[in-house]
Amino acid sequence: MVLKQYLKEKNISIRQMSIMTNIPYTTLNDIVNNRVFMEDCQYKTLKKIADFVNLSIDDLVYQKEDFQTFRNKLHHRIKVSDELDLLVEVLEHKEIDYYYFHDDLLKAFYMLSLADYISRKNNLPLCIDYSELRRKKLKEPYYVGDMVEWRDDKNCIEEFLAHNIYEGDLYDAV
């Protein structure tokens, strides 16, 4: 989700945010409407926005990496750590929210699917923070990798299919 969507969801106008953060309206309006990129903002402006949306500046200034790199890093994390430790880390660091805030839906749904899969596999309840997000999915199917058999529902993990992601193997990190 981008800043404009965040304000809409919280029912806050740009003018209200301007007053609450002490950022000039014209500056904030340009940022919210993507006429100025966050990367080009002064530190003090970024700090005010980050505090307002409860993110770090690093999280606010999002550098999007390609999905395959993201997936490889995540699968490596799965390989080297205990699943439950990874689940706790993902939820405590609000990694799902991070990707959703930045409108990187594929990664947000992938992380949520992973969290739900690990929860089911270990007979744990689902995190209630994501009930609304669980009702959403990608508009178009996303096939992970090039394995033809994954394009068949029966070879895919159901938590990923719920979000229109065809994933079959979480333990294939090199």
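Position 1 is the first residue of the sequence, and the numbers go up from there.
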Can you tell me how the ring of F70 sits relative to the ring of F67, calling it parallel under 30°, perpendicular over 60° and tilted otherwise?
tilted
Tell me, do E167 and R71 make a side-chain contact under 4.5 Å, heavy atoms counted?
yes
With heavy-atom distances below 4.5 Å as the criterion, would you say the side chains of V36 and C41 are in contact?
yes
Would you find a donor on one side and an acceptor on the other, under 3.5 Å apart, between the side chain of E9 and the backbone of Y6?
no
More than 12 non-hydrogen atoms from neighbouring residues, nucleotides or ligands closer than 6.0 Å to CG on N54, yes or no?
no
Looking at side-chain heavy atoms only, is the closest gap between E140 and N164 below 4.5 Å?
no
Before giving the answer on side-chain contact (heavy atoms from CB on, under 4.5 Å), spell out for F109 and L133 the whole-Å C-alpha distance, their side-chain angles and the decisive distance to 0.1 Å.
CA-CA 8 Å; F109 288 139; L133 191 56; 3.5 Å; yes
Could you tell me whether the side chain of K48 reaches within less than 4.5 Å of the side chain of F52, counting heavy atoms only?
no
With a 3.5 Å distance limit and no angle check, can you tell me whether D66 reaches the backbone of Q68 through a side-chain donor-acceptor pair?
yes
Under 3.5 Å: donor-acceptor pair, side chain of N29, backbone of Y25:
no
Examine distances only and state if a side-chain atom of H76 and a backbone atom of N72 form a donor-acceptor pair shorter than 3.5 Å.
no
Got a donor-acceptor contact below 3.5 angstrom from the T21 side chain to the M17 backbone?
yes
So, D116 versus Y130: side-chain donor-acceptor pair below 3.5 Å or not?
no
Scan I23, V32, I31, I19 and name whichever one has a side chain to side chain contact (heavy atoms under 4.5 Å, CB included) with I14.
V32
Worked check of salt bridge (Lys or Arg N to Asp or Glu O under 4.0 Å) between K121 and E159
CA-CA 11 Å; K121 190 175 168 190; E159 286 78 5; over 6 Å; no
Contact check, side chains of K94 and L91, non-hydrogen atoms, under 4.5 Å:
no
Tell me if a side-chain donor or acceptor on T69 pairs with a main-chain N or O of E65 at a distance below 3.5 Å.
no
For the backbone of L84 and the side chain of D82, can you confirm whether one donor and one acceptor N or O come within less than 3.5 Å of each other?
yes
Neighbour count >12 (heavy atoms, 6.0 Å) for atom CZ, R120
yes
Do K107 and E95 make a side-chain contact, defined as non-hydrogen atoms from C-beta onward lying under 4.5 Å apart?
no
Heavy atoms, side chains only, cut-off 4.5 Å: are L3 and N34 in contact?
no
If you round to the nearest 0.5 Å, how far is CD of E83 from CG of N122?
5.5 Å
Does the side chain of L87 reach to within under 4.5 Å of the side chain of S119, using non-hydrogen atoms?
yes
Strictly under 6.0 Å, is that where the ring centroids of Y110 and F160 end up?
yes
How many angstroms lie between CZ in R134 and SG in C127, if you round to the nearest 0.5 Å?
6.5 Å
